[in-house]
> 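One structure, pasted below without further comment.
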Amino acid sequence: MHFGQLLVVLITCTGLGLALPTSDQRVLQRFPSLEQAAPRELEIGELNFLHTTDTHGWLGSHLNQPNYDADWGDFVSFVEIFRHNRIGASRDLILVDTGDKHDGNGLSDATVPNGRISTEIFNKQDYDLLTLGNHELYTEENTILEYHRTAQSPKFKEAYVSSNVEFVTDDGDIVPFGSKYRYFETTNRKIRVLSFAFMFNFQRANARAKVTPAVAIFEEDWFQNVVRQFPAEKVDVVVVFGHLPITDPEDREINQVHTKLREIYPQTVIQYFGGHSHIRDFAVFDDRATGIQSGRFAETVGFVSIDQVGDGTPNFSRRYVDFSKNSFSQHAKAPLYTTRGSELSNHIQSIRQNLELNQVVGYVPSSYYMYSKPTTSKHNIYNLLTSQVLPRLRSDETDESKSRFIIINTGSIRYDLYKGNFTKDTEYIVSPFPNDWNYIEVPLSLAENVADYLNDGPVLYSSMAPPKISNMVKGPASCPFIHDPDLRKGYTTSDDFGCDGDDMLHNTELYFEVPNVVQTVELKQIKSETAVHLIFYSFIESDILHALNELSKSQVGETKLFTENDCKKYGGASTKQLLKEYIQELSLHT
Ligand SMILES: *[C@@H]1O[C@H](CO)[C@@H](O)[C@H](O)[C@H]1NC(C)=O
Ligand SMILES: *[C@@H]1O[C@H](CO)[C@@H](O)[C@H](O)[C@H]1NC(C)=O
Ligand SMILES: [Zn+2]
Ligand SMILES: [Zn+2]
């Protein structure tokens, strides 16, 4: 940040009615030294977008990660000031979200129903386009809440779009989940936008929602009517936003959508916004179409601009903005304060108090990571679980004299465990799922191969985890690592535009593959025909049975079919509880 530049900005924006400190001295004090590093600039174009996705309830900031220290109130302030200072009256800004607003943080998950309060907080942001993710479709009460409070809210009546998800009413009628498309002209440049929103082909929606595969929508009458009503000469930009990855080497859903769209709009500028796989990503589809995906858990605001929209040679630019007060105020070129934003921040604080999310239950002596340390490291959270936590499992249903294999799916852990206070919120963040333990008695020779079998296959069907990031070839490996201890640890994103997407330079966080399952093995005898106890989460029982039956077929050649009748209740505390007790015990000794 250049001081001279800041002064100029202060003078120019006092006319906008924003509440600004009167002296530049006060402004400068807001930036601690480490954060004074200037971010890479946002290249403002004729048409600009800000994008969030997969926020999963993280509206109350990341209290253990200074990179991402902004809350939803700060985000509201940022957009308001950014719009005034950077967009002005001659360019346009469109604000987009692509769903997954539950499951991941106490702010959403500590209420009944889940999302009761966080939905209202989320909806304070003035989205122009928003839609839902698969996490709005697991439970009926979430779907009903999403439909009534957001899709049907007066504020978002125009903005809420879902082209391939429908809602099932109390009477069993199938109705659109919001609008099926949105056509509008931007405020300033009168750019004509036609937008659709697609959910990936999600097959586990509850009975109150219906998902139709995106490609099938192109054959439906309503869709054909819309594209007939808005032919290429009436559309400047097609915006396709939705809950699906923009790089999808396996299912290629978005690529199929693109192929079909290009048949209808061969030359039109198309901008995609995606989500679900929880990464920063940018993909070039052709010279008039790009897509962005903006991370996870409210640590990223994606920025895209398009210049020369109408000239046949659109110029795209992209940036991933860290969800931090520093990044926000530097890009807005003003202090991060609006009345509305700061009121919302205060409101979030008081909700956190009411939900007792700050209540301390223990102290974590050092950080444990999911991806940035290998599973062999003692700073890896799965290593912690298998070596220290799962061995604490005690059965209240059966004897424990047998050898044990305790298998958990890695998708049941959702976040790194950071050094510092272990609070009620930490429980929701790291391992929110309550679980029951089941077990099955099988020969050692079978049990010892189950984990490998499951790790060779696709992500477990029963997992609520996002898909494996199989396109991690796009990860830091292909961009130069940054080794600079003066920088904060974080992303070095590699995408189709190169290595300069992140607004802040980070000390590159490494990424290691995580298997589908991990296990604790306690061997008491070592003859292969010996019966052992194979213990697992009840919700991965079908995956375990499948593995056992396949292994049994190939090993023994015989077809003893294991069924749920062979599985029994093991009892004992959940992983979440065992972890908490372990941390509490550690805290007593330190
Ligand atoms: C496209 O934008 C970049 C900056 O974002 C600029 O350097 C470049 O000159 C632009 N290209 C054209 C053809 O305008
Ligand atoms: C951690 O908890 C202690 C005891 O409740 C409290 O005094 C301290 O402020 C907390 N630290 C942080 C960073 O919240
Ligand atoms: Zn998600
Ligand atoms: Zn998702």
Side-chain angles (χ1 to χ4, degrees), residues 40-49 51-59 86 91 97-105 108-109 114-115 118 122 130-139 142-143 146 162 164-165 197-206 209 211 214 241-248 251 253-254 269 273-282 284 287-288 290 292-300 302-319 370 411 413-415 429 432 459 463-469 495-498 500-501 503:
R40 291 174 174 130
E41 284 284 335
L42 307 185
E43 311 270 357
I44 309 293
E46 293 168 3
L47 181 58
N48 305 275
F49 298 89
H51 174 226
T52 52
T53 192
D54 296 271
T55 49
H56 287 279
W58 281 82
L59 312 181
R86 302 296 307 279
R91 291 179 287 242
D97 181 80
T98 45
D100 268 9
K101 295 175 274 192
H102 304 263
D103 305 320
N105 192 286
S108 55
D109 304 353
N114 172 324
S118 62
F122 183 93
L130 75 171
T131 188
L132 73 173
N134 53 307
H135 281 263
E136 278 71 60
L137 296 180
Y138 283 106
T139 70
N142 270 176
T143 299
E146 178 73 3
S162 180
N164 71 332
V165 183
F198 293 113
M199 159 84 70
F200 74 96
N201 190 4
F202 179 59
Q203 292 304 312
R204 295 171 58 208
N206 68 74
V211 180
F241 68 110
H243 199 73
L244 76 180
I246 56 147
T247 301
D248 183 2
D251 300 324
E253 271 201 280
I254 192 134
V269 174
F273 296 88
H276 186 57
S277 52
H278 290 190
I279 58 171
R280 292 181 173 188
D281 191 16
F282 185 83
V284 174
D287 61 2
R288 289 186 179 80
T290 69
I292 192 169
Q293 205 173 308
S294 305
R296 58 168 197 169
F297 303 138
E299 35 67 308
T300 303
F303 169 82
V304 170
S305 69
I306 312 176
D307 231 0
Q308 290 124 241
V309 174
D311 300 356
T313 54
N315 196 1
F316 297 88
S317 146
R318 60 81 182 92
R319 202 66 90 201
M370 295 168 70
I413 295 295
R414 275 202 307 221
Y415 209 69
I429 289 169
V459 175
S463 161
M464 266 166 66
K468 265 239 204 93
I469 309 162
D495 63 24
D496 283 1
F497 269 8
D500 63 351
D503 76 327

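Everything quoted here is computed from the prediction, not taken from an experiment. Ligands are counted one by one from 1 in listed order, and the atoms in each one are counted from 1 as well.
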> Considering heavy atoms of the protein only, find what lies nearest to atom 6 (C) of ligand 1 and give residue, atom and distance to 0.1 Å.
N315 ND2, 4.1 Å
> Closer than 4.0 Å and a protein heavy atom, does any atom meet both conditions relative to atom 14 (O) of ligand 1?
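Protein heavy atoms within 4.0 Å of atom 14 (O) of ligand 1 - there is at least one.
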> Would you say S317 and ligand 1 have an N/O pair spaced under 3.5 Å apart?
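N/O-N/O distance under 3.5 Å: no.
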> Does the protein place any heavy atom closer than 4.0 Å to atom 2 (O) of ligand 1?
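Neighbour list for atom 2 (O) of ligand 1 includes protein heavy atoms (cut-off 4.0 Å).
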> Can you name the side-chain hydrogen bond (donor to acceptor under 3.5 Å, both in side chains) partners of N48, sequence neighbours left out?
none
> Which word best sums up how the rings of W58 and F297 line up, parallel for under 30°, tilted for 30 to 60°, or perpendicular for over 60°?
tilted
> Give the atom numbers and elements of ligand 1 that come within less than 4.0 Å of a heavy atom of E43.
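This gives 4 (C), 5 (O) as the contact atoms.
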> Under a plain distance cut-off of 3.5 Å, with no hydrogens placed, do T98 and H243 share a side-chain donor-acceptor pair?
no
> What protein N/O/S atoms are there under 2.8 Å from the Zn ion (ligand 3), waters excluded?
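D54 OD1, H56 NE2, D100 OD2, H278 NE2, with waters left out.
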> Quick one: side-chain hydrogen bond (donor to acceptor under 3.5 Å, both in side chains) partners of Q293, sequence neighbours excluded?
S277
> Indicate whether any N or O donor in one side chain lies under 3.5 Å from an N or O acceptor in the other, for D103 and H135.
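On atom types as modelled, these side chains qualify, holding a pair under 3.5 Å.
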> Just jot down the salt bridge (charged side-chain N to carboxylate O under 4.0 Å, His left out) partners of D500, sequence neighbours excluded, or say none.
R318
> Quick one: does D54's side chain have a donor or acceptor within less than 3.5 Å of a partner on G275's backbone?
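No: the side chain of D54 does not pair with the backbone of G275.
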> Assess, by modelled atom type and distance only, whether the side chains of E136 and N134 contain a donor and an acceptor separated by less than 3.5 Å.
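On atom types as modelled, these side chains do not qualify, holding no pair under 3.5 Å.
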